[in-house]
Amino acid sequence: MKIQPFLLEDTLEVNCYVVTCEETHATWLIDCGAFDPRIPAYLEANHLALSAIFITHGHWDHVTGLPDALAYAGDIPVYASAPEHEGVKTTQIKAGETLRLGNHEGVIRHTPGHTPDGVSLIFPGHAFTGDALFCGSVGGTKTPETYDQQLTAIRTELFPLPGHTRVYSGHGPVTTIAIEKQFNPFFT
Amino acid sequence: MSEWTRERIEAEARTGALEGADLSGIDLSGADLSHAKLDGVRLDNTDLTRAILDFASLKHASLKGAQCELIVLGGADVSEADFTNADLRRANLVGTKGHGTIFDHADLYYSRPGSADFTNASFKSANVQRAIFRKAILREADFSSAEGQANFENADTEGMVR
């Protein structure tokens, strides 16, 4: 699995990721805060075509580029836990379901707290966590209840993953489950 | 000319064969050096952008002027290493141990040194704008002439110089 990150500095420093199965060349876009010109340039330089988009949660900095991405990629599924984003009808997914990216099977985990619809997509060795778990932090929450919900979701849905699992967050650098379990200040 | 290539470095990084080697100037951007044993290695002006060095050992390593934006050094030991003039923007430094590490004139913009242990480290004239030192140990660390607003929430700043 090849993961190409794009840091969108002008959109709250949000990350989006182009993820490719190296055997089949199936390629997805994870989150779409903006359809930055670097993304189609990367796809074209590597002779790749998007076959799906996955949305971790519905905040504007993760979905605003969705119409532009679909205008470029055509009629491809948009996987999300909410039924619609930016006027685009999604293919709704829920916790426990699996999705295939070429030869790789990903599992949906519900990781609410930052938003009620927050989901993470877990492939063996790679976790796309949106704004649930960050490098050295967690996503912002609005109430003590949603804060507790967030920490519980991370503890039960993400921390049991193998320590070497790389965490690709909505903001900030890559991290690993081992680093966050051992050192994340919100859990130590 | 160094006999080390990127492929050989990635293959042998965990064996200890690289300790003390001069790897300066090699393109290691995005390299997988997780748990690498790199004590005393020389990486001056090396491109380590987005390289993964979680839980690596880089004690006494020299990374002067290295390009380390978005590098992953979480859980690594960089004690007594020298990052003078290094670009550490947005670096993952969560839980990094850096006793006596030198970050003078380094750019740590929006880096994440949460729960790091930088006892006696030097950040003279470094840029720490938006750096998040939450729960970090910064005893006797020297931030004289450092620039920018960092987050020191719940950090241990006993004896820290600002």
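A quick note: this is a predicted structure, and the numbers were derived from the prediction, not measured. Proteins get letters first, then strands, A, B, ... in listed order; numbering begins at 1 in each. Note that these values count all heavy atoms, side chains included, but never hydrogens, waters or copies made by symmetry.
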What do you reckon, is CD of B:Gln149 surrounded by more than 12 foreign heavy atoms closer than 6.0 Å?
no
ILVMFWY cluster, B:Leu138 and B:Val78 together (side-chain gap under 4.5 Å)
yes
Please answer: with hydrophobic residues joined when any side-chain heavy atoms are less than 4.5 Å apart, are A:Val19 and A:Val119 in the same cluster?
yes
Mark yes or no for whether B:Asn92, through its side chain, and A:Val174, through its backbone, hold a donor-acceptor pair below 3.5 Å.
yes
Step-by-step side chain to side chain contact (heavy atoms under 4.5 Å, CB included) determination, B:Ser115 to A:Gln182
CA-CA 9 Å; B:Ser115 300; A:Gln182 195 169 339; over 6 Å; no
Would you kindly confirm whether B:Tyr110 and A:Val14 end up in one hydrophobic cluster when ILVMFWY residues are joined by side chain heavy atoms under 4.5 Å apart?
no
Would you say that B:Ser34 contacts A:His164 through its side chain, given a criterion of any heavy-atom pair below 4.5 Å between the two side chains?
no
Run the side chain to side chain contact (heavy atoms under 4.5 Å, CB included) check on B:Lys135 and A:Asn184 step by step: do they pass?
CA-CA 9 Å; B:Lys135 285 192 178 175; A:Asn184 187 308; over 6 Å; no
What part of A:Phe186 gets within 4.5 angstrom of chain B, counting heavy atoms only: side chain, backbone, both, or neither?
side chain
Please tell me whether B:Leu38 and B:Trp4 are part of a single hydrophobic cluster in this structure, the criterion being side-chain heavy atoms less than 4.5 Å apart.
yes
Atom of A:Ser137, atom of B:Arg134 and distance for their closest heavy-atom approach
OG-NH1, 4.0 Å
If you count heavy-atom pairs under 4.5 Å between each of B:Ile132, B:Leu93, B:Asp32 and chain A, which one has the most?
B:Asp32
Hey, any chance A:Phe6 and A:Ile30 share a hydrophobic cluster, counting ILVMFWY side chains that come within less than 4.5 Å of each other, even indirectly?
no
If we only count heavy atoms from C-beta on, is the A:Phe183 to B:Thr96 side-chain gap below 4.5 Å?
no
I want to check something: taking the side chain as every heavy atom from C-beta on, are B:Val72 and A:Thr175 in contact at a cut-off of under 4.5 Å?
no
If I measure from the heavy atoms of chain A, does B:Ala136 come under 4.5 Å with its side chain, its backbone, both, or neither?
neither
Side-chain contact, heavy-atom cut-off 4.5 Å: A:Arg166 with B:Ile52?
yes
In the structure I gave you, are the side-chain heavy atoms of B:Arg90 and A:Leu7 within less than 4.5 Å of one another anywhere?
yes
